[in-house]
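All residue numbers in this chain count up from 1 along the given sequence.
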Amino acid sequence: MSEQSGFPAAAVRPSAGLGPAAPTGPAASKGPPASKGPAAEPAASTGQAPPHRTGRRRRRSRQWPGAVFVAPHLVILTLFMIVPTGYAVYDSLFTSKLVGGTRFSGLANYRTVLSSHEFWDGVWRVLLFAVVQVPLTIAIAFFFAAVFDAGVVRFGRFFRTVFFIPFAVPGVVAAVMWSFLLLPGFGPYSKALKSLGFGHVDFFSSKLILPTIVLIVIWEWTGYNMTILYASLKSIPRDVTEAAVIDGAPLRTIILRMKLPMVRPTIVMLVFINMVGALQLFTEPSILSAFQPQAVSYGFTPTLYVYNTAVGSGEYNLGAAAAVVLALIIGLVSLGAFAVRRRNGEFR
């Protein structure tokens with residue numbers, strides 16, 4: 001029967017009820033036969049890869065879906081940030097003149113930027129702007145986020161949408177709209193202040209231009225910060241606040257003593273996001289300069305200095321050097337944010 005089936009006779013196993021067959025021939029003198037389990041068979045005979053290769057394949061199979069999802073962002077980051085930054089660094093090392101053409105100048109453009117009083121005046125101005133605007137924006141955003149989270153306002157979803165709408169308005173449109181609203185002598189706010197006895201208030205004067213920009217930016221960004229803080233407050237377990245309510249703690253204590261410390265990592269993140277945005281301030285002062293050119297100087301902000309140097313004066317190489325210096329300042333702020341968040345235990 002074994003020959004007709006095409007298998008050798010030694011491969012035929014006995015029936016379960018007959019017991020094992022006695023070994024014959026030379027195999028009988030070598031002791032009991034080796035185990036036939038999978039552990040005793042060599043990897044080459046089974047056709048399976050070694051364990052370490054199998055582990056590598058499994059890790060790669062788990063990693064490639066993540067790489068596919070990250071790839072579009074990396075492509076956009078490379079095309080619109082890394083490549084332009086590299087070109088700006090390259091362009092900043094040259095000087096172009098009508099007579100003599102383009103020649104290599106090394107770090108001469110950087111020395112000019114670092115010794116420019118207009119550039120550093122703009123840097124200190126935006127730092128002062130950030131010191132005022134960032135805390136006010138986050139404080140107002142947290143107040144409204146806590147109010148909406150507490151559920152003490154009816155139609156909360158509608159009002160949250162209303163608060164978020166200013167962020168959806170483009171910055172240019174918002175700056176133009178506020179320019180007409182604050183226009184001296186014609187704007188409604190100027191007329192209202194005059195009727196209340198404050199006299200003629202010029203929101204675009206040299207003394208009030210920075211507070212005016214602070215007002216516009218707060219109006220634009222409060223809804224964005226409020227939405228993030230509201231989502232962070234919603235993630236707090238309800239049993240924590242319910243226990244405080246049962247113990248008789250007032251709403252003010254629950255918000256300031258319990259919820260505020262729990263959303264502190266989110267607040268730290270928003271502080272640095274708004275700080276970086278303040279260093280890149282450009283749209284609002286550039287729009288307001290059309291209404292009051294004397295109030296917005298050549299280097300009112302670092303980004304305006306870069307724009308006016310490269311586009312207004314045609315010194316593209318010097319503008320590229322200023323842009324690189326500004327990028328380094330923003331990079332230092334970002335590294336500081338990462339260090340603070342890592343110290344708080346947000347990164348491992």
May I ask you to decide if [Y]'s main-chain N or O and [X]'s side chain share a donor-acceptor pair within less than 3.5 Å?
X: N225; Y: W221; result: yes
X: R125; Y: F300; result: yes
X: S289; Y: S286; result: yes
X: T212; Y: F203; result: yes
X: T266; Y: S232; result: no
X: T301; Y: L304; result: yes
X: T227; Y: G223; result: yes
X: S190; Y: G187; result: no

* Partner of E284 by side-chain contact (heavy atoms from CB on, under 4.5 Å), out of I209, V214, I216, L215 -> I216
* To do: State which residues pass ring-ring contact (aromatic ring centres under 6.0 Å, His included) with F159; sequence neighbours excluded, sorted by chain then number.
  => none
* ring-ring contact (aromatic ring centres under 6.0 Å, His included) partners for Y87, two or more places apart -> none
Which residues, ordered by chain and number, are linked to [X] in its hydrophobic cluster, where ILVMFWY side chains connect at heavy-atom gaps below 4.5 Å, directly or through other members?
X: V75; result: I76, L79, F80
X: V70; result: L74
X: M81; result: L77, I82

* Structure fact -> Result for side-chain hydrogen bond (donor to acceptor under 3.5 Å, both in side chains) between Y298 and one of D121, N308, T309 points to T309
* Asked: So, for L229 and I138, which heavy atoms are closest and what is the spacing to 0.1 Å?
  -> CD1-O, 4.1 Å
* Specify the closest pair of heavy atoms between A175 and E220, including all atoms of both residues, with the distance to one decimal. => N-OE2, 4.4 Å
Validation: residues 316-332 side-chain donor-acceptor distances under 3.5 Å, sequence neighbours left out:
{"residue": "N317", "atom": "OD1", "partner": "S96", "partner atom": "N", "Å": "3.1"}
{"residue": "N317", "atom": "OD1", "partner": "S96", "partner atom": "OG", "Å": "3.2"}
{"residue": "N317", "atom": "ND2", "partner": "D91", "partner atom": "O", "Å": "2.8"}
{"residue": "N317", "atom": "ND2", "partner": "D91", "partner atom": "OD1", "Å": "2.9"}
{"residue": "N317", "atom": "ND2", "partner": "F94", "partner atom": "O", "Å": "3.3"}

Residues that [X] engages under side chain to side chain contact (heavy atoms under 4.5 Å, CB included), provided they are two or more places apart:
X: A231; result: none
X: F163; result: F144, F148, M226
X: T222; result: T137, I140, A141, I218

* Asked: salt bridge (Lys or Arg N to Asp or Glu O under 4.0 Å): which pairs involve residues 134-150, sequence neighbours left out?
  -> D149-K234, D149-R238, D149-K259
* Asked: Is there any salt bridge (Lys or Arg N to Asp or Glu O under 4.0 Å) pair reaching into residues 182-210, and which pairs are they, with sequence neighbours excluded?
  -> none
* Would you check if R160 and Y230 make a side-chain contact, meaning some heavy-atom pair closer than 4.5 Å? => yes
* Structure fact -> Quick note, ring-ring contact (aromatic ring centres under 6.0 Å, His included) partners involving residues 248-290, not counting sequence neighbours, are F282-Y307
* Test side chain to side chain contact (heavy atoms under 4.5 Å, CB included) on Y305 and V123 and set out the steps. => CA-CA 10 Å; Y305 178 87; V123 172; over 6 Å; no
* Asked: Does CZ belonging to F69 count more than 12 external heavy atoms closer than 6.0 Å?
  -> no
